[in-house]
2 protein chains.
Amino acid sequence: MSSVKEVAERAGVSPATVSRVINNDPTVKPETRRKVQQIIELINYKPNQFAKNLRKQASKIIVMVLPTMNNPFFAGIARGAQAATYKNGYHIITGTTEFNKWQLDAYINLLRTNLADGIIFVSLHASKDVLGDVFNKYPVVLCNEYFEDLEVPCVTIDNHKAGYDAARELTSRGKKNIAYVTGTRKSSSGAGRLNGYKQALSEAGIDYNPHLVVKAKSVLEQIKDAINGIKEKGLEIDAILTNSDLQASYILKGIKDRTIFLPPDISLISFDGTFVSEITNPSLTTVAQPMYELGYKSVEMLIQKLQNKNHIQENVVHLPHQLIIRET
Amino acid sequence: MSSVKEVAERAGVSPATVSRVINNDPTVKPETRRKVQQIIELINYKPNQFAKNLRKQASKIIVMVLPTMNNPFFAGIARGAQAATYKNGYHIITGTTEFNKWQLDAYINLLRTNLADGIIFVSLHASKDVLGDVFNKYPVVLCNEYFEDLEVPCVTIDNHKAGYDAARELTSRGKKNIAYVTGTRKSSSGAGRLNGYKQALSEAGIDYNPHLVVKAKSVLEQIKDAINGIKEKGLEIDAILTNSDLQASYILKGIKDRTIFLPPDISLISFDGTFVSEITNPSLTTVAQPMYELGYKSVEMLIQKLQNKNHIQENVVHLPHQLIIRET
DNA sequence: CTGAAAGCGCTTACAG
DNA sequence: CTGAAAGCGCTTACAG
């Protein structure tokens, strides 16, 4: 392993000067710089990151915690995040909790041990009690979900408008009984979308019926029960809004299997706009989210925060979504 | 930020002793240990990883490079890898190349700068010339694809047998004209599967026809052209074998769109066994790979290598695959 | 424009 | 069983 010392000796300068060359200190005489750079290339010297980090008290590593990689929506966010970290000379450790509480703690420890400079929580569903402390102590950016009265920066779509756009499309098709399959957990995105849904109904002169709003995880079993539960109450369904492409794909599956009792040509709109919405049969009408950009922007905001660049002005950044009409 | 020094002062011992407690040195007197541990908890002390790494010349960080996260097959591998690193007290930086050559170099730099201890390449398609150097200098494990005469450990399924099992299923259905859509790049997995396919044909008394084997990326356009290309040569197709669930899903799409001219009930078998094979309509018969285990085992082997535990005996580890019969 | 020196926060061989 | 000291490989205020 070569070191500044070795480069210094070979170049006939001090380690300090080598360091200055590496860090583009403008006070170095051009000739000296050239000499040092030559040696660096000659012996293919790369500075030891740990020594650097230890000295600088910063690692240029950030952490991104996602619920899972199994949903291509999150994979898309991770991709964007990766691109942004790379572009800014940072590194990223992406991890998933797979819905385990303990996993979350493991990632936070990366901050506590100084391994990482900051953290991005994607679609975090956790109580403020647990995390308020983390928000106070470390640089944090949220993606998709925000916490009401905490001043943590957040990148998301305008969920109210997204919910509105989706429901509006259905009411404009003349649908009156629009079931809405949400996620199982309370969330800012869920609340926003629900309000948008209600607004669209109201504008179409349709009464809001809470029995049409049901919760389910992205598991065939739960989705089936949730939807059939509505019908068992004697309610009609002539359209469905669903929380994710994945959920929607299971609904189509259930309809085809005849475990969900709905017509195969039912109006169905989902959220996300992943490739899943293209490969189902029929293909899904979906509210596409800018996954890549969500990840990219989250990283940019975190880095901005790390570099204390003029105190981030906007706390919540809304990225545009887009309703894509396909076959459902 | 608290440090060993602070803990030492508060506990009335030397920094060395604190370090010994942290590292479970058995020579510490139980009483001393207790005293120190109390202080550690009291002030919630966490050792600075960089200082530790610098001193130990190891980071317990490994890198996993995947082609993309957009294919759930790779997401599954990443999940398994994550679990294994966590279990072993390591951290993992997973990154994707998205098929860019330059990205690869960025990940290798993590080794050069000592940020990471070792690297896992998943489905790596690169020439030995480029990477032989990396293989020699740093601890490397390969996943899915191996390089013939390099002694780099590799975790994969038995692709020959997998290709055989898939093709065998088709010949046993009485199919005679089995098209095979492979990936676009030369690969050890591709070669293995092709040989298995040939063996199954031969056992069924069917002549191997190279015109039935076509290359395509996981893009509708290419797959369409590849398959229609066969038909334009005047060849019949009564079954298809395809490289991935994703590719297969596009084939179904094309058939339904009538841009691929095949009957909707054609026999179709794909590889991977991701959730995609469940949500297509019809659902896919697929050769399921143990994604999670592939990732998990790759990490285990790398860590074994890092710890020099009795020189890894087996160089290539084959994990079991499973043919899952669904609707195609 | 450059160098000598101190220090980032750990661990470990050595001495006792 | 424990401490003093050296050192991992950098960077930076200070002095010249």
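Order of the sequence lines sets the chain letters (A, B, ...), proteins ahead of strands, with each chain counted from 1.
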Item to check | Candidates dG3(C), dG9(D), dC10(C) - which lies nearest the side chain of Asn48(A) | outcome: dG9(D)
Item to check | Pairwise P distance, dC14(D) and dC10(D) [rounded to whole Å] | outcome: 24 Å
Checklist outcome for this item: Gln57(A) atom CD is separated from dG9(C) atom C1', nearest whole Å, by 8 Å
Item to check | Whole-angstrom distance between dT2(C) and dA6(C), as gauged at atom P | outcome: 23 Å
Checklist entry - Rounded to the Å, how far apart are Arg55(B) CZ and dG9(D) C1'? => result 12 Å
Item to check | Side-chain N or O of Tyr45(A) closer than 4.0 Å to phosphate OP1/OP2 of dG9(D) | outcome: no
Checklist entry - In whole angstrom, what separates Gln49(A)'s CD from dC10(D)'s C1'? => result 10 Å
Next on the checklist: Under a 3.5 Å threshold, yes or no: a donor from one side chain and an acceptor from the other, between Ser59(B) and Asp117(B)?
Outcome noted: yes
Next on the checklist: Checking contacts here: which listed nucleotide (dG9(C), dA4(C), dC10(C)) is nearest the side-chain heavy atoms of Lys52(B)?
Outcome noted: dC10(C)
Next on the checklist: Output the rounded distance in Å from CG (Leu54(B)) to P (dC10(D)).
Outcome noted: 9 Å
Checklist entry - Closest to the Lys56(B) side chain: dG3(C), dC10(C), dT11(C)? => result dT11(C)
Checklist entry - Which dot-bracket notation, 5' to 3', represents the base pairing of DNA chain C when pairs are defined as Watson-Crick or G-U with both distances under 3.5 Å, crossing pairs as [ ], and inter-strand pairs as |? => result |||.||||||||.|||
Next on the checklist: Measure CG/Asn53(A) against P/dC10(C) and give the value in whole Å, please.
Outcome noted: 14 Å
Next on the checklist: Just verifying a value: how many Å separate Phe73(B) CZ and Leu294(B) CG, rounded to the nearest 0.5 Å?
Outcome noted: 6.0 Å
Checklist entry - So how far is it from Ile119(A) CD1 to Ile62(A) CD1, rounded to the nearest 0.5 Å? => result 10.0 Å
Item to check | Val141(A) and Val152(A), any side-chain heavy atoms less than 4.5 Å apart | outcome: no
Checklist entry - Ile43(B) CD1 to dG9(C) P: how many Å, rounded? => result 13 Å
Checklist entry - Are a donor atom and an acceptor atom from the side chains of Glu145(B) and Ser189(B) found within less than 3.5 Å of each other? => result yes
Next on the checklist: Working to the nearest 0.5 angstrom, can you tell me the gap between Lys60(B) NZ and Tyr90(B) OH?
Outcome noted: 5.0 Å
Checklist outcome for this item: Taken to the nearest whole Å, NZ/Lys60(A) to P/dC10(D) is 16 Å
Checklist entry - Considering only heavy atoms, which members of residues 15-39 of chain B lie under 4.0 Å from some atom of DNA chain D? => result Ala16(B), Thr17(B), Arg20(B), Thr27(B), Val28(B), Lys29(B), Thr32(B)
Checklist outcome for this item: note: Phe50(A), atom CZ; dG7(D), atom C1'; distance rounded to Å ~ 17 Å
Next on the checklist: Distance alone, cut at 3.5 Å: any donor-acceptor contact between the side chains of Thr68(B) and Asn70(B)?
Outcome noted: no
Item to check | Between Thr94(B) and Thr94(A): side-chain donor-acceptor atoms closer than 3.5 Å | outcome: yes
Next on the checklist: Strictly below 4.0 Å, N to O, side chains only: are Lys35(A) and Glu31(A) in salt-bridge contact?
Outcome noted: no
Item to check | Ring centers of Phe121(B), Tyr107(B) separated by less than 6.0 Å | outcome: no
Next on the checklist: Can you tell me if Ser14(B) touches the phosphate of dG3(D), counting only side-chain N or O atoms and a distance under 4.0 Å to OP1 or OP2?
Outcome noted: yes
